[in-house]
There are 2 protein chains.
Amino acid sequence: MVNESPSSGSSGSRSDGGSSSGGESSKDSSRCSTPVLDAERHERLREKMRRRQEAGDRWFSLEFFPPRTANAAVNLISRFDRMAVGGPLFIDVTWHPAGDPGSDKETSSMVIASTAVNYCGLETILHMTCCNQTKEELTAYLHKAKHLGLKNIMALRGDPIGEEWEEEVEGFNYAVDLVKHIRCEFDDYFDICVAGYPKGHPDAESYEADLRYLKEKVCAGADFIITQLFFRSRTFLQFLKDCQAIGITCPVVPGIFPIQGYHSLRQLVKLSKLEVPQEIKDVIEPIKDNDAAIRNYGVELAVSMCRELLDSGLVHGLHFYTLNREVATTEVLKRLGLWKEDPRRPLPWAVSAHPKRRVEDVRPIFWASRPKSYIYRTQEWDEFPNGRWGNSSSPAFGELKDYYLFYLKSKSPREELLKMWGEELTSEESVFEVFTCYISGEHNKNGHKVTCLPWNDDPLATETNLLKKELEKVNRRGILTINSQPNINGKPSTDPIVGWGPSGGYVFQKAYLEFFTSSEIVTALLRVLRKYELRVNYHIVNARDENITNAPDLQPNAVTWGIFPGREIIQPTVVDPVSFLSWKGEAFALWIEQWAKLYEEESPSRMIIQYIHDNYYLVNLVDNDFPLDSCLWQVLDDTFELLSAPTQC
Amino acid sequence: MVNESPSSGSSGSRSDGGSSSGGESSKDSSRCSTPVLDAERHERLREKMRRRQEAGDRWFSLEFFPPRTANAAVNLISRFDRMAVGGPLFIDVTWHPAGDPGSDKETSSMVIASTAVNYCGLETILHMTCCNQTKEELTAYLHKAKHLGLKNIMALRGDPIGEEWEEEVEGFNYAVDLVKHIRCEFDDYFDICVAGYPKGHPDAESYEADLRYLKEKVCAGADFIITQLFFRSRTFLQFLKDCQAIGITCPVVPGIFPIQGYHSLRQLVKLSKLEVPQEIKDVIEPIKDNDAAIRNYGVELAVSMCRELLDSGLVHGLHFYTLNREVATTEVLKRLGLWKEDPRRPLPWAVSAHPKRRVEDVRPIFWASRPKSYIYRTQEWDEFPNGRWGNSSSPAFGELKDYYLFYLKSKSPREELLKMWGEELTSEESVFEVFTCYISGEHNKNGHKVTCLPWNDDPLATETNLLKKELEKVNRRGILTINSQPNINGKPSTDPIVGWGPSGGYVFQKAYLEFFTSSEIVTALLRVLRKYELRVNYHIVNARDENITNAPDLQPNAVTWGIFPGREIIQPTVVDPVSFLSWKGEAFALWIEQWAKLYEEESPSRMIIQYIHDNYYLVNLVDNDFPLDSCLWQVLDDTFELLSAPTQC
């Protein structure tokens, strides 16, 4: 008999936990928590930083300022979506007291930052300045930020008004006052960032005094530091050393400013009271009218400075002052190898970063191409479904009254939409052609590509491309598809097209097809569907709330799911017959709001769209037999055949 | 343009529901309800009856009386389990005022009925008699029944004490008083059954008066009627006609008594004051000492009478007076084609019929062979997990102190266990042999079959048989397996061995293996597992709470799941690292409680079991890569190879 304990050879984590059995009953026994698919989703920003540093992963972050116009806001939000692809650890949005930063205007810092969190799923820091603002104002802003899902504040003093600045006795005079106020009023709720000045703040008595002041801000509760821009890596490295020397141990993130043009550089230097080193001036002055040349130089300079910082081993993350532009920063990041276009997604849909949506892991499939609308319509929910969608109650979706909310608006202006969707429609068939061109990628008869539809503001998803040929064929005949997915019987979770979730898993899908079509086709379709009764679930509705479905007991049907090592099953999308009725309202309204209204009232074009809106049905079909080839194309073939049969009555 | 609505050809259910969108936020937005896998599970008994009648499905039910001894209770419970296989709509348990029927004794009506509901998953009616009992006593019994999960009461008068019965002014004199009392105190909570007398109650003034009294019971709130036994189908059919004639519309279920012996017939006839028809007496008297002949005759007689009842088209269900015996009733049911041994299960484990467990659809795999222990240890939970097991809190399992609760006890007596597990053990290897014989089905060296182990009171499951060869091989070498399942990559849900849930679905499993083994083997195993780190999840513990696992964040791992048409994913079993620690306590204790204690204290046999208990580890392994051949056998092969390598240190 052997009597040694197996202490050698253990590769697992060992914890000497006592048995958890106990005689009490548990109120928590019905536990529906979300499995940790993406550990970072549950962490605070400071924890994410620490985890990255410990893992030796380098990261970057991006700074933006709020736009001046509503159109610029639309553009900025789609820039967020595009730049999110590169994998920033966070973005931050600056605060401009003159621009009504805490208001509900679509150009306010508050709204832009909350849109980034809620609709773009970005970890976001909202700047806030305290000078010339009352304690009550600041408290109100902070409450509002918290309510909107913001979890991080960059606490700044801000620029005093007028030339001569005087301390206000009762007011907030320094960033440290704001840090203290946040900790006092909101305890540990927010992660707090403060600014560091590698050359010392211009208003400071001395570099040393400024360092001591920085330490005060950290001691008051700041979690990390982002620095003002600088032009030489040694400037930052010296500053970092000096910070550490006086006992600042939190992360200090260098602020990187890729020079993008002569004028923007001059303006920034003036504002920040920094001096541009002579060697840079010498290069820039001769090419000051050549924007491309200056940008190229700026990228080179930034890349080499960032390399020096990273090579020092002391820098783990880089913060970029983007000036709301994409090209230069993206190029620097790509050349540094920090731009991580990882096609793998934690879930098939874009998750929101609002803390109350942390556990959300299942949504109806209908909003697949309109995730921002889904988030908007569910923003008032107190809890979000996880594990199961459930069928016990009708989910209360907020109404979508304003299709023109800047983050829901089409990125294309009216003129472009008219070119794509037809300056003039002559029949339902001209609508069929628009759908067909969107699917095929071919030019319409006026030579324009159709890159969006009212239900799909982006070109066809890669996954949908798998179904392109079949989709094209049916759209041509009046099956106007707006959402679809192929069936998948266990592809690796790392599959570049259909994969999602952690590696080592398998993903599955049931074939799904959703389309508008005429009542004539629906009549034939329903006859065909009798043959497929057990295999195909369908749901057919029109604008007048006629409603035909074979969903058993109005239960949701899981159409996407994944199996992962060491985890419970995840089923991120369902076809839910109850939610479909809410989606239907939105889907029908988009005909009118986004398409019909492009045309004059009473115009034939507008009447054609209105006719479709009034008379077509919205149909969804699920093929439950996911291991077999999808039968949905056969269902539609049979339908067309039935319609063309001579005995068809 | 077509303008007709698709009214023809609709094969689906059509409901003109308004849109469910609305502006309010929903408190119910996180909805974790269970999908309706088995509609009957959610229905009341009277709804089940109605559904069966509407569907034209014929059904049967079984009556039992409480046993006299604890051993008889053990036998009765395993009879319930065996007879449950045939698919009774319900069983009922009689009430004997003299036998302390409402007590907590293992032979009481209350305990037997609640065991049937909670542990055998049987819809159960508890009889209750009211005469000679106070209102307070009855109310207390009813509260207790409700608390125990009983939902159906058979309200009876009971037999008066003594020859001369007198009405008590304040008491409950008739069954109708009890019906009224239940409806008054418990509203619609219970389904109530009352007794009907096809020949009239012996104490009634007349047949007609008894019918009127029956109608009173129905009007007071009874949901259906079960009749006293009778000997001719025309007796029942006339009674049914008479019931309907006076306006009784609820179901009237005929009580069938297959004659099983001369003496039991005589006794019953005496009690019920019925007269045995002459044609039956003529047959029985000559063969009164030939039990087999009488039973055969009784079966024939019951079958032909039941056929006449069913053929009348007026009878949908048959209620059998079993006298706690199996053979005759089972034979009658099989010959009538009512015994439905449907291998399909709604879930892979036996569900409990307690109403609060209605939504339960996920359990840890560890109790797969001890479902009654799992139900016992979770009986105090207020809610049961569904959809997800979850990982947010440690589930509080009740402690299993009493391994001798009658429904947890081994069905085999001590002498048999000794024959199977060894009158005398000489080494750990003699224990290996017991496990190996259990798996292989071969006789042990003393010529006895090993049909159970402390962790498995039944012979090997059909599914486990698929792994028999591999299991035998590893048990022989000291991997003492107590639970396992093969991997399954999408078999039809109707598969006779591994299928479960509604038809048209697909079931999946990850390979699972759980075993006790020595620390020497564990040391080698852990070295081998490093190679499989991403593929295999393991959890290794011993009686001293040493605890080694690679489960990420102590998350549960789904190891059985099913995909069904029009439904959310069901994942009925998980390997949960937190619950495993509770199971471990029970699994180790079974060595001592069920095996070691068979031997004298200080005996070598007992010391061997004690040594294993103190020094072995309990190990579970999950192979996450379910679409590939299970690697768990390779893991164990590698382990044995490592152990036998000459350089092994």
Side-chain angles (χ1 to χ4, degrees), chain A residues 2 6 9-12 14-15 17 19-26 28-33 35-36 380-381 383 385 387-388 390 392-394 396-399 504 518-520 522-523 526-527 530 534 537 547-548 550-553 555-558 561 565-566 568-569 571 581-582 585 624, chain B residues 2 5-6 9-12 14-15 17 19-26 28-33 35-36 380-381 383 385 387-388 390 392-394 396-399 504 519-520 522-523 526-527 530 534 537 547-548 550-553 555-558 561 565-566 568-569 571 581-582 585 624:
Chain A
V2 204
S10 155
S11 64
R14 180 187 282 261
S15 67
S19 160
S20 68
S21 66
E24 334 82 59
S25 75
S26 165
D28 284 328
S29 53
S30 182
R31 283 149 290 110
C32 288
S33 71
V36 183
E380 298 300 330
W381 289 5
E383 285 180 275
R388 284 269 171 83
S392 54
S393 68
S394 138
F397 287 92
E399 259 185 280
S518 67
S519 59
E520 188 191 9
V522 164
T523 303
L526 278 166
R527 286 182 56 185
R530 288 187 218 165
L534 290 168
N537 278 108
N547 188 13
I548 312 163
N550 67 344
D553 304 312
Q555 284 195 58
N557 191 349
W561 63 99
E568 298 198 71
I569 314 291
Q571 51 153 37
L581 299 180
S582 295
N624 288 302
Chain B
V2 204
S5 117
S10 155
S11 64
R14 179 187 282 260
S15 67
S19 161
S20 69
S21 66
E24 334 81 58
S25 74
S26 165
D28 283 328
S29 53
S30 182
R31 283 151 290 112
C32 289
S33 72
V36 182
E380 297 300 330
W381 289 5
E383 285 179 275
R388 284 268 171 81
S392 55
S393 69
S394 137
F397 287 91
E399 260 185 280
S519 58
E520 187 191 12
V522 163
T523 303
L526 278 166
R527 285 180 59 185
R530 287 186 218 165
L534 291 168
N537 278 108
N547 187 14
I548 312 164
N550 68 345
D553 305 312
Q555 284 195 59
N557 191 350
W561 63 99
E568 298 197 70
I569 314 292
Q571 51 153 39
L581 299 179
S582 295
N624 288 301

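So that the names make sense, note that chain A is the first sequence line, chain B the second, and so on, each numbered from 1. Keep in mind the model is a prediction, meaning the values are calculated, not measured.
- When heavy atoms are compared at a cutoff of 4.5 Å, B:Asn537 approaches chain A solely by way of its side chain, counted from C-beta outward.
- Checking side-chain atoms of B:Glu568 against main-chain N and O of A:Arg388 turns up no donor-acceptor pair under 3.5 Å.
- Here the closest non-hydrogen pair linking A:Pro552 and B:Gly566 is CG-O, 3.8 Å.
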